[in-house]
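Heavy atoms only: backbone and side chains are in, while hydrogens, waters and symmetry mates are out. Quantities reported herein were computed from a predicted structural model and do not represent experimental measurements.
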Amino acid sequence: MLGILLLIAFELCGLAIARSLFAGCARAIRAWLGLCPGLVLMMWLPALFAFALRFTPAAQFCGLGVAALAAALCLWRRPNLRDAGSPAPPTRLICALVIPLTLFSAYLQYTHVLCPGADGTLYVGQSTYGDLCLHLGIATGLDGASFPPEYTILPGVMLGYPFLVDALSASMYQLGCDLALSFTLPGTLMMALVYWGFCLFAWEFTRRKGAVLLAFLLLFLGGGLGFLYTFDKVFEDSTLLQQALFGYYYAPANYTQENVRWVNCVVDLLLPQRTLLAGWLTVLPALYLLLRGLKANNRRLFVALGVWAGAMPMIHTHSFLALGAISLGALAYYACRKERDKVANLVLYGAIACVLALPQLLFWSFPQTFGGGYPRLRFNWVNNTGSGLIDEYFWFWIKNVGPVFIVLVPAALSAGRRGKALALGALILFALAELVQFQENPYDNIKLFYVAYIAVLPLAAQYLLAIYDRLKGIRGRALLAAVFLVLALTSGAMSLAREAISRYTLFSPQDVEAAEFVKENTERDAVFLTDTDHINPVSVLAGRTVVCGPDLYLWWHGFSQEFTARSAYIQETYANPSFEALAQYDVDYVYIGATERGYGADVDWFAQNLTLVYDSGGIQIYAVPEDQE
């Protein structure tokens, strides 16, 4: 398929660029530093050409041409960034950690992204049941779209949500890839690169195999102390364990009923939240290069870091903000130490990043954020109801993050200079996320908290191993370590198991058939009147524009007023249709399924006044006559 070949070609360009820029690095580091930019090039370059060519195959191939030209230029000139890499961790360690979790992630990607059933039903998992439709709809909606793109679920409003990771899938989809494969293949690759990248980052910090292993387990298998609530009640009600494994959002790492909200990052962040996945794909190389730059004090590394960071806002704005806060902390630390060379390099990197990022922020991010009335002050994240805290402050964080939270501060204080610099940045980031709400949904601040956690977790793992070493010769040392691991990993392990067996119907065979008809037989810019449910075959599978999409997305993106007005219009128009009402939003087609009938749709009026173009499986689609549009 051309879509897969396009992905491979961009990755080869990334590897060629890394071969030149990072020639002095170990192969494992150089390969990682090539594969990550290859994906970023595929996100950005076709999108840039789409401003002139629309999002078409021509834009894809022009973007690839520029990537190939950049790769050829790097191989010719060989601008080696010396001091960019340190010895890589043992290959066996990387393979032992990354390969099993990647295989598990590939399974989750397959079962959670439009997994086909025998009868044509498309299934998802628990964590993707809500978020996936947004990303699918963006990807299918970008096919052939003019730039800057609009929301296909809110026509007339520019798409300010970071959409470039979905544009990557849209590129593959446009060139012949199955929609599910265009998500699962790059999704699995990005998850593998995140796992791989964290190993390299932790190794750069600690140079200790045990610390890398422990940090890896705490990050990707961790999940707080929610399991204690589950097991505490099992003796009273034996069905609670079954509920934790089979119930909808009762897994102990995301046990909202007990105010456990930290979640396991694999199944509740990386898998369903594709923009966050792409954000971690970019923020981990940034943190790695920042660490290397601070050690080597190589100006070229900081220039490369500035360019890399400047590409981040429309990939994942939260990760860009998190990187900025951590970098600011490093700047403050070295300014206090009066290390002028490092301060100058950090300022240079920040200036380059801001110059490249500012157009993205001004054009896309700020209008949507500020237009929704944010940021606002809010203390203690989701633990604050507005009238007081749900849990005592420190207990809230301990039960959410787990016992490792207790050692984060002493670990940072015992670290070396680079560790203290990043820890100060992590503290600034934590305070920012703890005091400021940036979007309608306060839960979204977890995207900031987690980057702060990533930045200091290797230090915490190293500190814990140092404690273990000091306990040598003391009875019960192994038991104490085992208790710590049980407390730290049980909730996450149970959540991983629960997600692996979750299975929910997303689209019926009738939905898929109707979407295929819409995609093949209606105009690319046609506007449909449909319900506002997030499971919408027209916008999600066919990529067509609907008058208004779900509040599940629009409300949290800051469009509550627009949603309220348009949803009221939709219900009124179905119940009391007229050509004047349909003309208000330039409706070209009216979709009538079970949900639309629930609005009290006047089916007789539509049948008498519009043209029936599709009727199958309880779904009718009517075309509005051209002389009435």
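- Between Met1 and Met172 the shortest side-chain heavy-atom distance does not fall below 4.5 Å.
- Annotation: side chain of Leu2 is not in contact with side chain of Leu6 (no heavy-atom distance under 4.5 Å).
- For Phe183 and His135, the ring centers are positioned 6.0 Å apart or more.
- Aromatic ring centres of His112 and Tyr504 lie farther apart than the 6.0 Å criterion allows.
- Ring centroid separation for the pair Trp262 and Tyr450 comes in under the 6.0 Å cut-off.
- Atom CD of Gln561 has 12 or fewer neighbouring heavy atoms from other residues, nucleotides or ligands inside a 6.0 Å radius.
- The aromatic rings of Tyr195 and Phe220 lie perpendicular to each other, with more than 60° between the two planes, well past the 30° mark.
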Verdict with supporting geometry, Leu529 and Tyr591, side-chain contact (heavy atoms from CB on, under 4.5 Å): CA-CA 6 Å; Leu529 182 70; Tyr591 183 97; over 6 Å; no
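- Cation-pi geometry between Arg544 and Phe528 is not satisfied (NZ or CZ under 6.0 Å from the ring centre, within 45° of the ring normal).
- Within the 3.5 Å criterion, the main-chain N or O of Tyr249 finds a donor-acceptor partner in the side chain of Gln126.
- In summary, of the residues considered (Leu134, Asp131, Leu277), a side chain to side chain contact (heavy atoms under 4.5 Å, CB included) with Pro272 occurs for Asp131 alone.
- The closest donor-acceptor contact from the side chain of Ser567 to the backbone of Thr564 lies under 3.5 Å.
- A side-chain N or O of Asp511 and one of Ser508 form a donor-acceptor pair less than 3.5 Å apart.
- When side chains are defined from C-beta on, Phe10 does not count as touching Pro37, because their heavy atoms never get closer than 4.5 Å.
- No side-chain donor-acceptor contact under 3.5 Å links Thr188 and Gln109.
- Side-chain N/O atoms of Thr275 and Tyr161 include a donor and acceptor closer than 3.5 Å.
- Between the side chains of Ser616 and Glu513, a donor-acceptor pair is found at a separation under 3.5 Å.
- Both the sub-6.0 Å distance and the 45° axial angle are not jointly satisfied by Arg566 relative to the ring of Tyr569.
- Looking at Thr128, its side chain does come within 3.5 Å of a backbone N or O of Gly125 through a donor-acceptor pair.
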Would you sort out whether Ile592 and Tyr574 count as a side-chain contact (heavy atoms from CB on, under 4.5 Å), showing the intermediate values? CA-CA 9 Å; Ile592 300 179; Tyr574 272 114; 4.1 Å; yes
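- In summary, the aromatic rings of Tyr622 and Tyr614 are positioned with their centroids too far apart to meet the 6.0 Å limit.
- Distance alone, capped at 3.5 Å, is enough to place a donor-acceptor pair between the Glu596 side chain and the Asp531 backbone.
- Here the side chains of Leu142 and Phe147 are in contact, with some heavy-atom distance below 4.5 Å.
- Aromatic pair Phe55/Phe49: centroids not less than 6.0 angstrom apart.
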Is there a side-chain contact (heavy atoms from CB on, under 4.5 Å) between Met190 and Val165? Walk through the geometry before answering. CA-CA 10 Å; Met190 285 189 285; Val165 66; 3.7 Å; yes
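- Looking only at side-chain heavy atoms (C-beta outward), Glu562 and Cys548 stay at 4.5 Å or farther from each other.
- Each of Thr56, Asp143, Thr140 was scored for a side-chain hydrogen bond (donor to acceptor under 3.5 Å, both in side chains) with Gln174, with one residue passing: Asp143.
- In summary, the aromatic rings of Phe163 and Trp364 are positioned with their centroids under 6.0 Å apart.
- In this structure, the side chain of Thr121 does not engage the main chain of Gly117 through any donor-acceptor pair within 3.5 Å.
- Asn536 and Thr530 form a side-chain donor-acceptor contact under 3.5 Å, judged by distance and modelled atom types alone.
- Asp602 places a side-chain N or O within donor-acceptor distance of the main-chain N or O of Trp605, the cut-off being under 3.5 Å.
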Apply side-chain contact (heavy atoms from CB on, under 4.5 Å) to residues Leu154 and Leu159 and explain how you reach the verdict. CA-CA 9 Å; Leu154 197 67; Leu159 180 60; over 6 Å; no
